[in-house]
Amino acid sequence: MERRMVVARADCPARRVPDGTPLTIPKDTFVTITQALGGNYTVTYNGQMVRVDGTDAENLGLEPELLSFPAPSDDQIREEDVWTALKTVFDPEIPVDLVNLGLIYSVIVDQPAKRVDISMTLTAPGCGMGPVLVGDVEYRVRLVPNVESVHVDLVFDPPWNRDMMSEEAQLETGMFF
């Protein structure tokens, strides 16, 4: 477990754990980093546990997670860019991305509405980090060129099980089936 104090160099967007409520850590505020996983940071701010997306880490004086896509040639959303963004969102307890964990059930791109609808699950229905993970998914997918809105639907049918993990994730975690 990492424990390090840093000072926000700029106003920094964050989400409160576990309910995912957005908030802003003001510039020049001291925070304590308690965890760094998957390019995201969990910090303590004003006695609250909050999550800072890795793409905003520079606001805390940390190395930012760079998420880049090919320059769009038109105004269309490229579904492969959405999947690329989803592969940068990691489970907070297992250092494996949501795609390789098998948590993303579907991605539907609505080109006229500039909207992406995602159906996903959690490793456990009672997972307290559900709202934060949904926020992570929405935040990262909104970075995809031409995406104006993201809707995430949490579903539990079928329920997630370890067999849904990719071979890569099984190797990375040592969970073989």
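Just so you know, these numbers come straight off a predicted model, no measurement behind them. Because only heavy atoms are used, hydrogens play no part in the values below, and waters and symmetry mates are left out as well, while side chains stay in. The first residue of the sequence shown is numbered 1, and numbering continues consecutively from there.
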Problem - Approximate separation, where rounding is to 0.5 Å, of Asp91 CG and Asn100 CG - result: 12.5 Å

Problem - Non-hydrogen atoms of Lys87 and Asp97 that approach each other most closely - result: O-CB, 3.1 Å

Completion exercise
Minimal heavy-atom distance between Pro145 and Pro70, with the atoms involved, is CG-O, 4.4 Å

Practice task
With rounding to the nearest 0.5 Å, note down the distance linking OH in Tyr41 to CG in Asp56.
Solution key: 11.5 Å

Problem - Close side-chain approach of Arg9 to Leu60, heavy-atom, < 4.5 Å - result: no

Problem - Considering all heavy atoms, the nearest Gly130-Leu122 contact - result: CA-CD1, 3.7 Å

Handout entry: Least distance between heavy atoms, Asp11 atom then Pro26 atom
Key = OD1-CA, 3.4 Å

Problem - Student check: side-chain heavy atoms of Tyr45 and Leu23 closer than 4.5 Å - result: yes

Handout entry: 4.5 Å side-chain heavy-atom contact, Lys114 and Asp75
Key = yes

Exercise for the section: Could you pull out the closest heavy-atom pair between Gly20 and Pro131, with the gap in Å? Expected result: N-CB, 4.0 Å

Problem - Residues Val52, Val31; criterion side chain to side chain contact (heavy atoms under 4.5 Å, CB included); working and verdict - result: CA-CA 11 Å; Val52 173; Val31 298; over 6 Å; no

Handout entry: ILVMFWY network linking Met120 to Val96, side-chain heavy atoms under 4.5 angstrom
Key = yes

Handout entry: Inter-residue atom distance Leu98.CG - Leu86.CG, 0.5 Å rounding
Key = 7.5 Å

Completion exercise
The complete set of side chain to side chain donor-acceptor pair (under 3.5 Å) pairs with one or both residues in residues 17-27, sequence neighbours excluded, reads Arg16-Asp19, Arg16-Thr21, Asp19-Thr21

Practice task
Please examine the side chains of Leu62 and Ile33, heavy atoms only from C-beta on, and report whether any two atoms are closer than 4.5 Å.
Solution key: yes

Problem - In one Ile/Leu/Val/Met/Phe/Trp/Tyr side-chain cluster, 4.5 Å: Ile108, Trp83 - result: no

Handout entry: OG1 on Thr44 to CE on Met5, rounded to 0.5 Å
Key = 9.0 Å

Exercise for the section: From the options Thr88, Asp53, Thr55, Val132, select the one residue that forms a side chain to side chain contact (heavy atoms under 4.5 Å, CB included) with Asn40. Expected result: Asp53

Practice task
Not counting sequence neighbours, list each pair that qualifies as a side chain to side chain donor-acceptor pair (under 3.5 Å) and has a residue in residues 145-159.
Solution key: none

Handout entry: Val144 vs Arg78 side-chain heavy atoms within contact, under 4.5 Å
Key = no

Problem - Heavy-atom closest contact (Ile118 atom, Val150 atom, distance) - result: CD1-CG1, 4.1 Å

Handout entry: Transitive ILVMFWY side-chain link Val17 to Leu133, under 4.5 Å
Key = no

Handout entry: Close side-chain approach of Ile77 to Gln111, heavy-atom, < 4.5 Å
Key = yes

Exercise for the section: Could you pull out all residues at least two apart from Ser119 that satisfy side chain to side chain contact (heavy atoms under 4.5 Å, CB included)? Expected result: Tyr105, Ser106, Val155

Practice task
Check whether Val137 and Leu103 end up in the same hydrophobic cluster, where Ile, Leu, Val, Met, Phe, Trp and Tyr are linked by side-chain heavy atoms less than 4.5 Å apart.
Solution key: yes

Problem - Atom CD of Glu79: over 12 foreign heavy atoms under 6.0 Å - result: yes

Exercise for the section: Quick one: do Met49 and Thr42 satisfy side chain to side chain contact (heavy atoms under 4.5 Å, CB included)? Show the steps, please. Expected result: CA-CA 7 Å; Met49 188 181 316; Thr42 303; 3.3 Å; yes

Practice task
Calculate, to the nearest 0.5 Å, the distance between atoms CZ and OH belonging to Arg51 and Tyr139 respectively.
Solution key: 12.5 Å

Problem - Hydrophobic cluster identity match, Phe156 and Ile104, side-chain contacts under 4.5 Å - result: yes

Problem - Test applied, side chain to side chain contact (heavy atoms under 4.5 Å, CB included); reference residue, Val147; option that passes from Asp81, Val116, Val109 - result: Val116

Problem - Spacing of OG1 belonging to Thr121 relative to CG belonging to Leu154, to within rounding of 0.5 Å - result: 7.0 Å

